[in-house]
Structures are given as C-alpha cells and as structure tokens.
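Sequence lines set the chain letters: A, B, ... in the order given, protein chains first and strands last, and positions in each chain run from 1.
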2 protein chains.
Amino acid sequence: MPKEATKDALLAAARTEFAAYGIAGARVDRIAERAGVNKERIYGYFGSKEKLFDQVVVTALNEVVEAVAMMPGDDPAEYVGKLYDFHLAHPDLTRLLMWESLHYRDDDLQGQEQRVASWNGKATSLAAGLGAESSRETARTMLTLVGLAVWPTAMPRLSRLALGEETATEEGRAAMREHLVTFVRAALGR
Amino acid sequence: MPKEATKDALLAAARTEFAAYGIAGARVDRIAERAGVNKERIYGYFGSKEKLFDQVVVTALNEVVEAVAMMPGDDPAEYVGKLYDFHLAHPDLTRLLMWESLHYRDDDLQGQEQRVASWNGKATSLAAGLGAESSRETARTMLTLVGLAVWPTAMPRLSRLALGEETATEEGRAAMREHLVTFVRAALGR
DNA sequence: ACGGTATCCAACCAACCAGTTGGATGTCAA
DNA sequence: TTGACATCCAACTGGTTGGTTGGATACCGT
C-alpha cells in the first residue's frame, strides 16, 4: 500500500485517540490498532508520540482558523452562529484545541505565522464591517466572538450544569445558537 | 503530625500537579515528593490516583462556583470583570476546570446538586437584575457571561495569537477587562 | 512495662508502555 | 536471476509507574 495511505490512516486514528485522551492518556498501541497498521510505522513515519501529537494539533489549529470565513461586511453575529454550529459538528476539534491549550507552554507550533495572519485577516474584516479601524480592540472583539462560539462545546459539563439535558437536544442547541447571535448583535449594536 | 495536616499537604501538592499535567500526565511520586509525604499515604488516605483527582476537581468546582458572588441587582458586567480577575489570579483553577471538562464523561461528581443550586441562584439574581423572569434564557446568559470571563485565561495560546505579548502585561489585562465589561454592558442594554 | 492505636516509611512488585530490533515480502531495473 | 529499494511486521527491551507490603516509631491508657 502506498505510504501516504498508511500515514493518513495513522493520522486519522491519532486524531481520534488524542481528542479523546490527550497526549498523556493516549496509547500508541491503540492508535496503531485503530489504523490497522503496525505501531513501528508510527515511529518510522512520525518519529515519536510527541511529534505525532504535534502534527495532529497543527492540522487541527489550521482547520479551525479556516473553519468559518469572515469577510468584510459579514455579520459578526452570524459568524458566531456558524462557528458555534461548526464546533457542535466537530467536537473532536474543540477537544484538541483544549488539549493543545493545556499541553503546550510558550512554544509556537509549525505554521503559527500563517495562523496569526489568518486571524488578523478576520479581525480586519470585522473592523471593516463595524466601520472601525483595525485595532487591538477589534482583535479583542474577535477573541471574544470566538470564545462565545466555542464555550458551550468546550465546556459540556458546565453547560449541562447550567441547562440540564436540553444541551443534548436539537431545540436546546437552536436556542443556544439564537441566544449567542442575539447577544452578539446587541453587544455590537446592530 | 496530625493526619489532617498530611492530607492537606497532599491535596495542595495534588492540585498543583493535576493543574499542570492533568490526571494521565500527573505522577503520584511527584505529588508525594512535593507534599513531603510518603506516596503510600496517598493510597492510605485517598485510595487511588483517580479518587485523589476526583477530590481535587470537586474542590475546584465548588471553589469556582462560589468564587464571585452575584446578588439581585448586581451589575452583570461587573460580575464578568470580577470573574475575569479571579481567573487571572487563579490559573490553576481554570486549568483544572478544563482538565475536568476533558476527562469526565456523563458522570456527575460529588456535590453536583449544590453546584446546580448555586448556579441557579446566580441565574435568578441575574434575572432579577435584568427585570426578567428567571428562565432558560437567563441560564444561557449566565453560561455566556462565565464563558466571556474565563475564555481569555482558559485559552492563553489563542489569546497570544490574537493579541501577542500584551496578554502578559498589566495594561493588556486591564484593556481586556474593560473590553469584556463594555461588551457585556452593550449586550445587556445597560 | 506493655499492648493497642495512630501515623507513617522504604523497598518492592507486576503491569504497562514508548520505542527498537531484526527481520519479511513485494516490486522493479539491470 | 539478483540486488536494491519500498513498505511493513512480530517480538522484544528497558524504563516507568500505580499501587502494595511488611514493617517502624510515637503515644497513651491500663
């Protein structure tokens, strides 16, 4: 089998395992088994468990930064709604972001400059839409909008404490989405 | 030495270790060493690593639920500001909440009913302050307010991507606090 | 003095786990 | 046919780690 197919299978299995257990709780044997590949191939292709984790996390970071577009003039409230939907649909991604936040310290992962640039592009689009100069304040607003969108999925147990089982229903999620959109509209005066 | 003192030393050491590394990455030997206690005492007093983690997490959850009061008539924007300050001052707590969110599934930890009651009390106070009935919508607002307050501390790497090194300065933190307070005031129409 | 209790310890153990080794098999060009 | 290369594997290794064992010491009441 072509080596690219084996690597992809390992990456997919690693993503599932790291999303569920983080790097310390994940098991290399389980990753290999889920991929249907010998675990020596993990070391052959990626070098170490840590390097495999790095690659999975970098892929996830790049994916989330590009997940929902934000163009000049786009409605920031709708952006938050879409991002909320995206994270609901991709809980593995949300969890990987949390493991990433907890695991790394000050080191920047590969591709950080592109992610910064992509983020700044969104902040600039947001500023244009608000009729404001792109500034630190719009960067803070961008961070806040992302936080609003991700929080309910990032903290499912807190969500359940606050809202009970409705968090697991379609109506409950629609209500949360509506709440977020309304909250952002009011905050940004639109 | 009284056994309560030994237990407290172990709990404090465990909190530091679990906050830094989570349950899978934490090491029982390190906890014991940091506490200046034999590691057999961990099993004597707590039973297992998992049970020690449970206790540390429950303590943290109870602490954060009571961290900042929210009484009827209190300014929700100021509540967010104070909660933001609290999490800045207690990053270990924020990290523990994240490990908790990632580690547990559907099981409720000890004291869940009290935490739900405490949360509902705050949501009721919020509703009173907004001149609204306590409802699902105010529970969602409560969850959103907490998310706003905790997000910057919970995601330091994303914050740094968005804002660079200013996240580590006093001015930067003050600016973030001001931003959050302003955002919430606008959102809630006050 | 002695036995019971409280509190603790150093050394140990068995299982686990990341990573390595010493190959195998298939393909292809010379 | 053969050697080089690509891709992979089962078994192994050495270190780690959660948890246990077989005690020790101090104190106190009888």
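- Note on ring orientation: taking the six-membered ring where Trp is involved, the planes of A:F53 and A:H103 are perpendicular (angle over 60°, cut-offs 30° and 60°).
- The aromatic rings of A:F183 and A:H179 lie tilted to each other, with the angle between the two planes from 30° to 60°.
- Taking atom CD1 of residue A:I23 and atom C1' of nucleotide C:dA18, one finds them 11 Å apart after rounding to whole Å.
- Among the protein residues, B:A32 comes within range of no part of the nucleic acid, since none of its heavy atoms lies under 4.0 Å from any strand.
- One atom, OH of B:Y21, and another, C1' of D:dG18, lie 18 Å apart when rounded to the nearest Å.
- Atom pair B:I42:CD1 and C:dT7:P shows a separation of 18 Å (rounding to whole Å applied).
- The existence of a salt bridge linking B:E166 and A:R140 is confirmed by a sub-4.0 Å separation between a basic side-chain nitrogen and an acidic carboxylate oxygen.
- Protein atom CG of A:D8 is 13 Å distant from nucleotide atom P of D:dT7, rounded to whole Å.
- For A:R41, no side-chain nitrogen or oxygen approaches OP1 or OP2 of D:dC9 to under 4.0 Å.
- Distance, B:I31 CD1 to D:dG18 P: 8 Å, rounded to whole Å.
- Salt bridge status for A:K122 with A:E66: absent, with no side-chain N to carboxylate O gap under 4.0 Å.
- In this entry the distance linking CZ of A:F53 with C1' of C:dA18 reads 16 Å, nearest Å.
- Under 4.0 Å is where a charged nitrogen must lie from a carboxylate oxygen, and between B:R185 and B:D75 at least one such pair does.
- Comment: B:R30 does not engage B:E33 in a salt bridge, judged by the lack of any side-chain N to carboxylate O separation of less than 4.0 angstrom.
- In this entry the distance linking CZ of A:R30 with C1' of C:dA18 reads 13 Å, nearest Å.
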*Which parts of nucleotides 19-24 of chain C does protein reach within less than 4.0 Å, heavy atoms only, written one letter per nucleotide 5' to 3' as B for base, S for sugar-phosphate only and - for none?*
BBB---
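- No contact: A:A5 has no heavy atom under 4.0 Å from any strand.
- Counting to the nearest Å, the P atom of D:dC5 and the NZ atom of A:K3 are 15 Å from each other.
- Ion pair B:R136/A:E171 not flagged as a salt bridge, since none of the NZ, NE, NH1 or NH2 atoms sits closer than 4.0 Å to an Asp/Glu carboxylate oxygen.
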